[in-house]
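The structure appears below as C-alpha cells.
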Protein chains: 2
Amino acid sequence: MYKIAFDDFFNYSFSLDSVIFGFRNGEINVLLIKRALEPFKNMWAIPGDLVYPDEDLSNAAERILFELTKLNNVELHQAQTFGHPKRHPQGRVITSAYFALVRIEEFHVEASSWAEEVKWVPVHEVPELAFDHNLILNSTFELLKKKLTYEPICFDLLPKRFTLNEMQQLFEYAFGVEMDKANFRKKIRPIPLISHDEKQMNVKHRPAKLFSFNSESYEELTAKESYQFKM
Amino acid sequence: MYKIAFDDFFNYSFSLDSVIFGFRNGEINVLLIKRALEPFKNMWAIPGDLVYPDEDLSNAAERILFELTKLNNVELHQAQTFGHPKRHPQGRVITSAYFALVRIEEFHVEASSWAEEVKWVPVHEVPELAFDHNLILNSTFELLKKKLTYEPICFDLLPKRFTLNEMQQLFEYAFGVEMDKANFRKKIRPIPLISHDEKQMNVKHRPAKLFSFNSESYEELTAKESYQFKM
DNA sequence: GTAAATATTGTTATTTATACAATAACTAAT
DNA sequence: ATTAGTTATTGTATAAATAACAATATTTAC
C-alpha cells in the first residue's frame, strides 16, 4: 500500500470501545469487562480493542464486542472520539466510543478472549475504570440522555412488552428526577404504543397493562413530517 | 516509546477536518479550501490535515485550521469520526470532524500552506468535494441543526448585535421552513437578550432594533436548573 | 370480605403554541 | 409636509401542552 510522505504519520493505533447499556430493576446498567492483560490488568473496563488495518469501524466494533463478551447482533452507534497523546501508556492510541442499547434479558454475555469476567453495573455505581474509560462512559451516557429526549430509543432498552411505569422509571433514572404518573402518561400519548390485553405477572399488587412500541406506526408518522418524538 | 505487540497495528494515520460555519446574507456558509496537492488536486475540500504524533486532537485541529486558512481563536467542537478503510486513496487514514461557528465579518481568512484558495459557500450550494467530505459536511451540518435547538449557539453565528429578523432567518435557513414573525418573537422570549437603543443602518425601510445575547444572564439561568434553552 | 398497594383516569389552572389582525416607525417619492 | 410603501412590532383569540393534585379502579394478601 502506498503511503503518505512521512512514515511518522503512520505510527498511530486505533481502537474502539463499546459502551453497552441495558435496563434492569429500574436502573440503567452498563456492561464492563475485567482485564486479564496489562496494562490495567484486573481492572474493570469498557470492552474495546484495536481495529484491524482493513476493517471498517462499525464492523470492527461488532467483532471486538463479540470477541470479548459474546454479545452479538446489537446495533452500535458512534459516540465521541478520544485522542489525548498520553491516554494509552503503550503508544499513541486514538479511540472512538460506540454505544448500543440492549434488552439485558434477551442477550447472553460471557467473558472471552482476554476478558476475565463480564458484568452489568448500574451507571450510577460504576467503579474506577482502566484508561480514560470513566471519561468515555460519562460522555457517552450524556449522549444517551440527549438521544432519549428526541429519539424513541428507550424502547431498545425496555423489554419488548413493558409497563408504563417501567418506561417512566427509565427516564427517572436517566435524568435523576421524579415524575408524576398521570402527567407522564399524558406526555407520552403522542407516541404510538400498542396496548396489549396481557398484564404484568407475579406482582404483589394490581398488575399493570403491558404495552409495546408500534414501530410501523412510528415510521408512518415520521414520514409525515409534522410529527416529532419528544420527551 | 514502547509499543503494543504487533507493528501492524501502528500503521494508521489520523487526520482532522474542520467544518467552519458562518452566517451571511441570511445563509449559513461553510469555509472551503481548494487543494493544491494530490490526491484530489484542485478540488474543493474541508480544511484538514494529519495530526502530529504527540499532539492533542483539539490543539491539532486549531493548528491545522490556522495553517490552511489563517483562521485563529475559534472554538472547535468535535463531531463524527470517519474511518472507512478506503476513504483515503493513499493509506488507512481515519479522520475526526470538528466544527466551529464564527462571525464571518470578524475573521480574516486567507489561503495558506497547500491551500490554494479559500472561500465561503452557502451550505445548500456546496459542490462535489474531495474524499468523503460531502458526507462529513452533511453529517456535521445535521449535528449543528440539532445543537441549534438546545444550545444558544446561534449567537456564535450572528453578529454581536443583530436584529430579531436576522435571528429568525438563521433558523429558517437551517431548517428550511418559514416562520411567523410574531410567534418567533414569543418563542424566544425566555432567551435572555439585551435590547439596545441602537438601530439597523442603511436600510430602505423602518430599521429594526438591535439585540445582543446576554451570556451572563444566561449562565445564571442555567445554573438555576429549571431553565432549558429551547428552539 | 377487607385492607393494602399500585394502576389508571379525571379536573382544573397555568403556560405555551398557532394563526392572523392591527398598529407603529421609518424611507422615499411627490 | 404629505403620502404611499415597506417592514417592525405588538395584540387578540383559540387551541394545545404542562403541571399539580384528586378521585376511582383493580388486583393481591390476609
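Residue numbers begin at 1 in each chain, while the letters A, B, ... track the order of the sequences.
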Distance-only donor-acceptor pairs under 3.5 Å for side chains of residues 18-36 of chain B, two or more places apart:
from    : atom 1 : to      : atom 2 : distance (Å)
B:Asn29 : ND2    : B:Glu27 : O      : 3.0
B:Arg35 : NE     : B:Pro39 : O      : 2.8
B:Arg35 : NH2    : B:Pro39 : O      : 3.0

Review point. Between A:Phe141 and A:Phe99, is the gap from one ring center to the other below 6.0 Å?
Key: no

Point to revise | Pi-cation contact, B:Phe66 with B:Lys70 (under 6.0 Å, within 45°) | key: yes

Check your understanding: In whole angstrom, what separates A:Met179's CE from D:dT18's P?
Key -> 12 Å

**Study point:** Rounded interatomic separation in angstrom, taking NZ from B:Lys181 and P from D:dT6
**Key:** 13 Å

**Study point:** Length of the line joining B:Asn165:CG and D:dT9:P, which is rounded to integer Å
**Key:** 7 Å

Review point. By a strict heavy-atom criterion of less than 4.0 Å, which residues belonging to residues 167-178 of chain A are in contact with DNA chain D?
Key: none

Check your understanding: Within this structure, what is the CZ-to-C1' distance between B:Phe184 and C:dT16, rounded to whole angstrom?
Key -> 16 Å

**Study point:** Interatomic distance, A:Arg185 CZ vs C:dG10 P [rounded to whole Å]
**Key:** 12 Å

Exercise for review: Rounded off to whole Å, could you give me the NZ-to-C1' distance for the A:Lys187 and C:dT16 pair?
Suggested key: 14 Å

Review point. Who passes side-chain hydrogen bond (donor to acceptor under 3.5 Å, both in side chains) against B:Asp156, sequence neighbours left out?
Key: none

Point to revise | A:Gln168: side-chain hydrogen bond (donor to acceptor under 3.5 Å, both in side chains) partners, not counting sequence neighbours | key: A:Glu172

Exercise for review: Scan nucleotides 19-30 of chain C nucleotide by nucleotide, 5' to 3', and note B when protein non-hydrogen atoms come under 4.0 Å of the base, S if they reach only the sugar-phosphate, - if neither.
Suggested key: BB---BBBS---

Review point. Which pairs with one or both residues in residues 188-202 of chain A pass salt bridge (Lys or Arg N to Asp or Glu O under 4.0 Å), sequence neighbours excluded?
Key: A:Arg161-A:Glu198

